[in-house]
S.K.: 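Please read through the structure below; I'll follow up with questions.
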2 protein chains.
Amino acid sequence: MNAQFKKGILELCVLALLKEKDRYGYDLVNEISKSIEISEGTIYPLLRRLKNVGYVKTYLQESQEGAPRKYYKLTLKGQEITDELKQDWLEFVKKVNSLLGGESINE
Amino acid sequence: MNAQFKKGILELCVLALLKEKDRYGYDLVNEISKSIEISEGTIYPLLRRLKNVGYVKTYLQESQEGAPRKYYKLTLKGQEITDELKQDWLEFVKKVNSLLGGESINE
DNA sequence: ATTTGGTATCTTGCAATGCATAGTATTTTG
DNA sequence: CAAAATACTATGCATTGCAAGATACCAAAT
């Protein structure tokens with residue numbers, strides 16, 4: 001799979017998953033990995049960045065299965081950004097597909 | 001519009017347009033610009049790369065309107081790659097959208 | 001004749017972002 | 001102890017798009 005497609009989209013994926021419910025980093029890696037290859041070395045710096053710009057906040061919670069989990073929760077600003085980004089993405093896909101489509105789908 | 005979304009997709013756009021018919025660089029810029037912002041400084045290095053890896057070949061043709069045009073034509077390998085890339089892209093979009101969806105539309 | 005402007009190509013170096021790799025560290029369970 | 005779950009950091013690399021500028025050709029305006 002073309003690695004470049006992922007550029008810029010991981011942030012949106014993380015935000016969208018967090019909009020569903022609060023999640024911890026390890027969980028995000030596993031969830032996203034079902035669809036897109038991704039590693040921890042990618043997620044944690046991204047999460048840190050999202051926190052720095054105020055899109056998410058965090059809280060700790062004990063776990064029965066290992067180290068305590070750090071949950072990430074969308075802020076209000078984060079929710080707004082998520083919606084905008086998602087809209088941008090959908091528009092972008094539409095534009096690209098219209099370029100790709102051309103006219104002849106008959107192959 | 002998130003500039004990162006473009007990563008990796010411009011190559012596919014160029015290839016897809018070339019599959020339709022032979023085009024010269026300036027024409028590609030104009031055509032793609034209708035949908036996605038793009039500049040010449042992006043296209044020409046990309047076209048050179050595509051030629052280096054054997055996806056396209058070129059031929060010159062005079063123009064009444066200015067400098068001679070360098071037309072780009074897909075090679076057989078280029079055609080195959082185009083189809084693969086397009087498939088990859090469509091799959092990628094599907095996966096991302098399923099991650100974004102959340103509230104299962106119909107499944 | 002010179003300038004301007006549109007058409008057309010190409011080069012260079014920079015910025016942004018994700019990736020791979022390789023660590024460190026903690027807690028719980030077996 | 002070892003393994004699995006979980007969090008975090010660091011470094012250097014690869015890819016790719018972009019801005020900016022150089023070059024060249026042609027036609028119309030000055």
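Throughout, protein chains are lettered first and strands after them, A, B, ... in sequence-line order, and every chain is numbered starting at 1.
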S.K.: Is a donor from one side chain sitting under 3.5 angstrom from an acceptor on the other, for Tyr59(B) and Asp22(B)?
M.R.: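 There is such a pair (donor and acceptor under 3.5 Å, judged by atom type) between the side chains of Tyr59(B) and Asp22(B).
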
S.K.: With 3.5 Å as the limit, what N/O pairs link the protein to nucleotides 11-19 of chain C?
M.R.:
unit_1  : atom_1 : unit_2   : atom_2 : d
dT11(C) : OP2    : Arg48(B) : NE     : 3.1
dT11(C) : OP2    : Arg48(B) : NH2    : 3.3
dT17(C) : O2     : Lys7(A)  : NZ     : 2.7
dG18(C) : O4'    : Lys7(A)  : NZ     : 2.9
dC19(C) : OP1    : Lys6(A)  : NZ     : 3.2
dC19(C) : OP2    : Thr42(A) : OG1    : 2.7

S.K.: Any base atoms under 4.0 Å from Tyr71(B), or only sugar-phosphate, or nothing? Heavy atoms, all strands.
M.R.: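 Here Tyr71(B) touches no strand at all.
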
S.K.: Are any of the side-chain nitrogens in Glu11(A) or Arg49(A) under 4.0 Å away from the carboxylate oxygens of its partner?
M.R.: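 Yes, Glu11(A) and Arg49(A) are salt-bridged.
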
S.K.: Are there more than 12 heavy atoms of other residues, nucleotides or ligands under 6.0 Å from atom CD of Glu37(B)?
M.R.: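 Open.
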
S.K.: Would you find a donor on one side and an acceptor on the other, under 3.5 Å apart, between the side chain of Thr75(A) and the backbone of Tyr55(A)?
M.R.: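 Yes.
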
S.K.: Rounded to the nearest 0.5 Å, what separation is found between the CD1 atom of Ile32(A) and the OG atom of Ser39(A)?
M.R.: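 Answer rounded to 0.5 Å: 11.0 Å.
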
S.K.: Any chance you could list the contact pattern along nucleotides 25-30 of chain C? Use B for base contacts, S for sugar-phosphate-only contacts and - for none, protein heavy atoms under 4.0 Å, 5' to 3'.
M.R.: -BBSS-

S.K.: Is it true that Asp83(A) and Lys19(A) have a side-chain N and a carboxylate O under 4.0 angstrom from each other?
M.R.: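 A salt bridge links Asp83(A) with Lys19(A).
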
S.K.: Any donor and acceptor pair, going by atom type alone, linking the side chain of Thr42(B) with main-chain N or O of Ile38(B) inside 3.5 Å?
M.R.: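 Not confirmed, Thr42(B) side chain does not pair with Ile38(B) backbone.
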
S.K.: Say you draw a straight line from OH of Tyr24(B) to CD1 of Ile43(B); how long is it, rounded to the nearest 0.5 Å?
M.R.: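 Reported to 0.5 Å precision, the distance equals 13.0 Å.
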
S.K.: Measuring from atom OG1 of Thr82(B) to atom CG of Leu50(B), what distance do you get when rounded to the nearest 0.5 angstrom?
M.R.: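 So the gap between those two atoms works out to 9.0 Å.
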
S.K.: Please identify the 5'-most and 3'-most nucleotides of DNA chain D with any atom under 4.0 angstrom from a heavy atom of chain A.
M.R.: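 So the contact region on DNA chain D extends dA5(D) to dT16(D).
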
S.K.: Rounded to the nearest angstrom, tell me the gap between atom CZ in Arg23(B) and atom P in dT9(C).
M.R.: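 Spelled out: CZ on Arg23(B) to P on dT9(C) is 13 Å.
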
S.K.: Under a 3.5 Å threshold, yes or no: a donor from one side chain and an acceptor from the other, between Thr58(B) and Lys73(B)?
M.R.: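 There is no such pair between these side chains.
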
